[in-house]
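A quick write-up on the structure given underneath.
A note on names: the letters A, B, ... follow the listed sequences, proteins ahead of strands, and every chain is numbered from 1. Note that the structure is a prediction, hence the values are computed from the model and not measured.
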Number of protein chains: 4
Amino acid sequence: MYNKVIMIGRLVADPELRTTPNGVNVASLRIAVDRPYSKGGERKSDFFNAVAWRQNAEFISRYFSKGRLIGIEGSLQTRDYTDKEGNKRTAFEIQIDRAFFTESKASAGGGMPGDSPAPVSAPAAGVSYASGSNGDFQAIDDDDDLPF
Amino acid sequence: MYNKVIMIGRLVADPELRTTPNGVNVASLRIAVDRPYSKGGERKSDFFNAVAWRQNAEFISRYFSKGRLIGIEGSLQTRDYTDKEGNKRTAFEIQIDRAFFTESKASAGGGMPGDSPAPVSAPAAGVSYASGSNGDFQAIDDDDDLPF
Amino acid sequence: MYNKVIMIGRLVADPELRTTPNGVNVASLRIAVDRPYSKGGERKSDFFNAVAWRQNAEFISRYFSKGRLIGIEGSLQTRDYTDKEGNKRTAFEIQIDRAFFTESKASAGGGMPGDSPAPVSAPAAGVSYASGSNGDFQAIDDDDDLPF
Amino acid sequence: MYNKVIMIGRLVADPELRTTPNGVNVASLRIAVDRPYSKGGERKSDFFNAVAWRQNAEFISRYFSKGRLIGIEGSLQTRDYTDKEGNKRTAFEIQIDRAFFTESKASAGGGMPGDSPAPVSAPAAGVSYASGSNGDFQAIDDDDDLPF
DNA sequence: TTTT
DNA sequence: TTTT
């Protein structure tokens, strides 16, 4: 069994960062991914919900915002719920294992790690940044052993 | 923009092969993918719908059946529709670009390409099989007719 | 059996476009991919050779140049050869099935499809561009001529 | 920057498990991956070296052996070295982030986690098994915070 | 150099 | 050997 999703898309809104009762950070994203242009067809995008946890959540909410391109890797999960009319529904969401920049520094609108002055104090422990001299970065998952 | 899904799961039912009014083959699949076992947790699987077209549809319906493991690669798409109560809904389905065997011959229950007698006349034009001596196979998109 | 490579890296040199005796276009690339920054470590990049064929070769050589970020998807292959000293060697190269932009228009330095005036006459037949309103593009393998 | 390799291949030899001077487990693998059969062509396989660390190394050396199919996910890296003739060479190897079974229990020759009696005491801490009712398993990486 |  |  294997379940892998890799996407590059655009954030439709700012990531929403919340904290669970257990004190675990969660970021909720909504991403638009343009379909490849089919001959003679019109523009079409798909919109997906995605969720990131812990260090990934912090990394994303710190460095990505509405309108930015974001790369994500994770798995596709379903979640069963009951809507307000009492009907059983299934939600699809991408569980993010890793998020990464896909643009050069110039195009990303600044605020990336490594910029000075530092955008925030120190990077959260457990997240390292693939900070090339070219301004590409990458969040490394480090969320094991957490009681989640 | 990039949209990639790679999964290995188990067919919950036989693939359904239909033909569009234009004469294009379509196969609809329902696949169960077990989640990795989380320490102390119980079994959980996610169920996904997937769609394959043309040669991929023929390949899948010929060589895969209920209960078999299947590997698929494609993209995740949404489809908007209105349910019988008149509510707007969104369906999620995987558009399959490629399907492949993930098991050795022995485990796959026979009926693979290369078996004799041939399970069906000749392989559909446009699909080639990666038929290793070990019984692994792979559907290849026949993406050009260049003599290279 | 399954063999998939997905990379985003930077072109170390302009793509080299050649034509085989059979008239098939081939593009050779060399790509630098920064490793994720490991805590306290220094910058490290890996360099890979990659090869694209036909429409993919034309697409890449038309829209990508030295210094640009490029996304590629394909498979990893080995090629045996004998070096000038007569020793047997193995070359590793990525066979590109698909190339895609990973940056917004602004950052890519212009010259993308959809720019006006058109950078070149018409897109090569068989390659379509996923030209989002945001200037993201994607080369699509034109893998069938079915009217679907 | 992004560097992802996903492969399903066959182990050409038993994994070699060693321990670094720091006490970190490393497993070295050699994997054969059949190329898709191209019309009228003959069988061709590519052979790759791969390396797994810590829990991944233990998981692989415990549950995989020569001749078995294995799924791996990781990144492609190069390593520069000088051969015995004093020539500079580059080695290519896959750094494994995750390994997984791709076959049903029946075909894998037994000895999988969940079999009774247990093949080894308890699963190594930090590795969990995706043990579906059908005997599919998956190793989950858990190797952070190690002093490597 | 694996495998059926 | 790329890039900011």
Would one find more than 12 heavy atoms of other residues, nucleotides or ligands at under 6.0 Å from atom NZ of Lys66(A)?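 Not more than 12 within 6.0 Å, no.
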Please report, rounded to the nearest Å, how far the [atom2] atom of [N] is from the [atom1] atom of [X].
| X | N | atom1 | atom2 | value |
| --- | --- | --- | --- | --- |
| Met1(D) | dT3(F) | CE | C1' | 7 Å |
| Phe64(D) | dT2(E) | CZ | P | 19 Å |
| Arg43(D) | dT2(E) | CZ | C1' | 13 Å |
| Phe47(D) | dT3(E) | CZ | P | 10 Å |
| Arg10(D) | dT2(E) | CZ | C1' | 7 Å |
| Tyr2(C) | dT2(E) | OH | P | 26 Å |
| Ile70(C) | dT2(F) | CD1 | C1' | 13 Å |
| Ile31(C) | dT2(F) | CD1 | P | 15 Å |

Exercise. Would you confirm whether Glu103(B), through its side chain, and Ser104(D), through its main-chain N or O, come within 3.5 Å as a donor-acceptor pair?
Key: yes
Worksheet item: For Ser65(D), does its backbone N or O pair with a side-chain atom of Asp14(D) as donor and acceptor, under 3.5 Å?
Response: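 Absent.
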Donor-acceptor pair between Arg35(C) and Ser75(D) side chains, under 3.5 angstrom: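 Arg35(C) vs Ser75(D): no donor-acceptor pair found between side chains.
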